[in-house]
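Nothing here was measured: the structure is a model prediction, and the numbers come from that model.
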Amino acid sequence: MKLSDKLKYLREVEGSLRGLGRAMTQQELVRAIAAEMDSPLSQSYLSQIESGTRPHLTNTTRLVLAKFFKVHPGYLVEDPEGYHAELLSDIRTQEEKLDLWLIAGSDRFRKDPELCRALRAIAMYPDSRRTLLLLESILETPVLMDRLLEILRPLEQAAHTPADANPVKRRTTRHSVK
């Protein structure tokens, strides 16, 4: 995993642990480090690391970040391609890649808070792969999807569906209920 991805992931986890329901921003992280660690770190330096412009940390910065995030300093280096600290199955490795992809994708949809929150919720769920496979099954059964939306979010569904509207034609599959 790249150092930039690790820092983004740690900001995500820290934001969740602090009850923000989202990743800490770089500025929030810089402020928290200054307040809790008495070690200033600039937002521009952090931005350079996360963007990949600066691929390595100074030893001092590595130690400060490791102490703040409560991780081993060795974690805050870029891993060689294909490296894993413990034995992982291919599915688990894919799961981590999927979670990082979902978190990165949620950042792209910050202007749509519901979608951003949904992507992060899937990424933070212990079995995000299975969650997406379940979503696929639901989508293959349009009647089920409509019914679930009706039950789980009745007011939202009513606002999006006029009473006299014709149902939207959906692709049918072998799982579709007719």
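Going from atom CG of Leu57 over to atom CG of Leu3 covers 4.5 Å, rounded to the nearest 0.5 Å. Atom OG of Ser4 sits about 7.5 Å away from atom CD of Glu50, to the nearest 0.5 Å. One finds the SG atom of Cys116 at 11.0 Å from the CD atom of Glu114 (value rounded to the nearest 0.5 Å). Here CD1 of Ile33 is found 5.0 Å from CG of Leu41. Values are rounded to the nearest 0.5 Å. Rounded to the nearest 0.5 angstrom, Arg54 CZ and Ile49 CD1 are separated by 7.0 Å. Rounding to the nearest 0.5 Å places CG of Asp112 at 9.0 Å from CZ of Arg117.
Between Glu136 and Glu140 there is a side-chain heavy-atom pair separated by less than 4.5 Å. Taking the side chain as every heavy atom from C-beta outward, Leu46 and Leu29 approach each other to under 4.5 Å. Considering only heavy atoms from C-beta on, Phe69 comes within 4.5 Å of Leu7 through its side chain. Val71 has its side chain within reach of Leu10: a pair of non-hydrogen atoms, C-beta onward, lies under 4.5 Å apart. At least one side-chain heavy atom of Leu132 sits under 4.5 Å from a side-chain heavy atom of Leu98.
Panel note: side chain Arg11, backbone Met24; a donor-acceptor pair is recorded below 3.5 Å. When atom types are taken as modelled, the side chain of Ser51 and the backbone of Ser47 share a donor-acceptor pair closer than 3.5 angstrom. For the pair Lys8 (side chain) and Ala104 (backbone), a donor-acceptor distance under 3.5 Å is absent.
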task: Please test Leu102 against Ser128 for side chain to side chain contact (heavy atoms under 4.5 Å, CB included), starting from the C-alpha separation and ending with a verdict.
output: CA-CA 9 Å; Leu102 287 165; Ser128 53; 4.3 Å; yes
Donor-acceptor contacts, no H, no angles, side chain residues 61-68, under 3.5 Å, sequence neighbours left out:
| unit_1 | atom_1 | unit_2 | atom_2 | d |
| --- | --- | --- | --- | --- |
| Thr61 | OG1 | Thr58 | OG1 | 2.8 |
| Arg62 | NE | Leu76 | O | 3.2 |

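Residues meeting the side-chain hydrogen bond (donor to acceptor under 3.5 Å, both in side chains) test with Ser44, sequence neighbours left out: Ser42.
In the hydrophobic clustering of ILVMFWY residues, with side-chain heavy atoms under 4.5 Å counting as a link, Leu119 and Leu133 come out apart. Under a hydrophobic-cluster definition in which Ile, Leu, Val, Met, Phe, Trp and Tyr are linked whenever side-chain heavy atoms come within less than 4.5 Å, directly or via other members, Leu148 and Leu139 are assigned to the same cluster. Leu17 and Met124 end up in different hydrophobic clusters when Ile, Leu, Val, Met, Phe, Trp and Tyr side chains are linked at under 4.5 Å.
Sorted by first and then second residue, the pairs that involve residues 22-36 and meet salt bridge (charged side-chain N to carboxylate O under 4.0 Å, His left out), not counting sequence neighbours, are Arg18-Glu36, Arg22-Glu28.
Residue-environment remark: CZ (Phe109) stays at or below the threshold of 12 foreign heavy atoms within 6.0 Å.
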